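The structure appears right after this line, and notes come after that.
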Amino acid sequence: MRITTWNVNSIRARAHRVAEVVERDKPDVLCLQELKCQDHQFPHELFEDLGYSCETFGQKTYNGVAICSRLPMSGVSRDFPIPGDGQSRGIAAMVGGVRVVNLYVVNGKQVGHDYYDYKLRWLDALQAWVEGDATPDDDVVICGDFNIAPADGDVWDPARWEGENLCSPPERERFQRLLAWGFTDAFRVFHDEVGRYAHTWWDFRGNGFGRGRGLRIDHHLITESVKARANGCYVDRSARKGIKPSDHAPVTLVLDEPDFDPKTLRI
DNA sequence: ATGGCCATCATGGATGGA
């Protein structure tokens, strides 16, 4: 089973780019963030034609998440970890015996901003939600846009980013708290490299992608039982190239494929 | 360089992204 996470930065603006990747890679599960549309505006027909059914949790203009699957989904949850906050940032479903949780973590804007405080509260609520929803013995994958670069090796210029939003100690501590509970950062199971092939997001401004100025902020967190089935995790940098790309690249977790080469890179 | 780029919105400058 392959589970892809991708912040598409508007599904309507990105429909063709998403279809291109999906047709080529055919992931079993596709977790999307930043739909930037309401449920009725989501391109369900496009995904049906590609062989997927989609559960969406949309919102006008901002946020919005969806899980699209080639396999049957059940037990769909929406509107967590802070129900009723009007922000569509969490959706989860059972797929192939795995609890797949798709998150669009609050960006935070800037350390000290109200949005940053909300980010930390949101991450605290996420921790509580996880602890109430699952145990470390369950088969759980939490994936999505975490808006956190966990370590300096995930940042193109750690000195320039030191203490900044996406890299600040308080948010990194919250990421570590999820690991302490029982999750593993799947990408780091298979890759110890730093630099451009370990990044998932590049700023549109100043040709950040072309200059290798990226961060790794999109992740799969997996419990031990899922880790035992994991054979790889790769970033598809090719999706960041070409006409009107998202500023994020898709990241794919590979399960139950013992012949998959874990050093696979999509340049 | 207190910026740059991009998507959205009862369409044009504000908002949010990261």
Side-chain angles (χ1 to χ4, degrees), chain A residues 5-19 31-43 46 56-66 82 85-90 102-123 126 143-172 174-175 196 198-219 235 237 239-251:
Chain A
T5 178
W6 196 0
N7 179 323
V8 293
N9 188 358
S10 169
I11 188 61
R12 291 177 292 174
R14 220 67 59 202
H16 293 97
R17 297 300 306 258
V18 174
C31 293
L32 302 174
Q33 304 93 34
E34 273 210 275
L35 303 178
K36 292 188 172 181
C37 71
Q38 298 167 82
D39 290 333
H40 71 270
Q41 299 172 307
F42 186 88
L46 171 69
T56 63
F57 183 40
Q59 181 184 330
K60 187 177 178 180
T61 309
Y62 301 119
N63 310 317
V65 286
I82 303 180
D85 67 348
Q87 303 214 358
S88 299
R89 296 180 176 277
N102 176 23
L103 299 179
Y104 176 45
V105 175
V106 176
N107 172 283
K109 203 173 185 76
Q110 191 172 22
V111 174
H113 196 280
D114 285 350
Y115 292 0
Y116 179 81
D117 295 335
Y118 185 62
K119 180 181 197 175
L120 299 184
R121 288 207 311 280
W122 196 93
L123 289 165
L126 173 65
C143 64
D145 177 359
F146 281 71
N147 273 316
I148 300 172
D152 284 351
D154 301 312
V155 182
W156 66 275
D157 184 349
R160 182 215 173 282
W161 283 86
E162 185 177 6
E164 299 285 339
N165 186 45
L166 311 183
C167 297
S168 69
E171 53 196 301
R172 284 180 168 175
R174 279 148 176 96
F175 190 86
R196 64 182 63 208
H199 298 157
T200 67
W201 169 84
W202 298 262
D203 203 319
F204 283 127
R205 296 168 293 187
N207 188 24
F209 182 72
R211 302 167 87 154
R213 298 180 169 183
L215 305 178
R216 190 174 71 94
I217 58 177
D218 300 271
H219 311 294
V235 179
R237 299 181 83 254
R240 183 63 175 77
K241 303 177 181 178
I243 308 298
K244 283 171 84 76
S246 169
D247 45 354
H248 294 250
V251 188

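Residue numbers begin at 1 in each chain, while the letters A, B, ... track the order of the sequences. Just so it is clear, the values below take in all heavy atoms, side chains as well, and ignore hydrogens, waters and symmetry mates. As the structure is a prediction and not an experimental result, all values here were calculated from the model.
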Handout entry: Presence of A:Ser10 side-chain N/O under 4.0 Å of B:dT8 phosphate oxygens OP1/OP2
Key = yes

Each nucleotide of nucleotides 10-18 of chain B classed B (base within 4.0 Å of a protein heavy atom), S (only sugar-phosphate) or -, in 5' to 3' order, makes S----BSSB

### Message
I want to check one thing: is the phosphate of B:dC5, taken as OP1 and OP2, less than 4.0 Å away from some side-chain N or O of A:Lys244?
### Response
no

Annotated structure of DNA chain B as dot-bracket, pair cut-off 3.5 Å, Watson-Crick or G-U only, | for inter-strand, is ....(((((...))))).

B:dC5 versus B:dA10 - spacing of their P atoms, nearest Å
25 Å

Sequence neighbours excluded, the answer for side-chain contact (heavy atoms from CB on, under 4.5 Å) partners of A:His248 is A:Trp6, A:Asn7, A:Asp145, A:Trp201, A:Ile217, A:Asp218, A:Ser246

Exercise. Verify the contact: side-chain N or O of A:Arg14 to OP1 or OP2 of B:dA7, cut-off strictly under 4.0 Å; return yes or no.
Key: yes

Determine the interatomic distance between C1' on B:dC6 and the same-named atom on B:dG12; round to the nearest Å. 15 Å

Note to self: I'd like to know if the side chain of A:Lys36 and the backbone of A:Thr61 have a donor-acceptor N/O pair within less than 3.5 Å.
What the structure shows: no

- Is there a side-chain contact between A:Trp202 and A:Asp247 (heavy atoms, below 4.5 Å)? no

Whole-Å distance, A:Gln38 CD to B:dA7 P, equals 19 Å

- Task: Determine the interatomic distance between P on B:dG13 and the same-named atom on B:dT2; round to the nearest Å.
- Result: 25 Å

A:Ile243 CD1 to B:dA7 P, in whole Å, measures 12 Å

_Give me the distance, rounded to whole Å, that separates B:dA1 from B:dG16 when you measure between the P atoms they each carry._
28 Å

Worksheet item: Regarding A:Glu34 and A:Ser10, is there a side-chain donor-to-acceptor distance under 3.5 Å anywhere?
Response: no

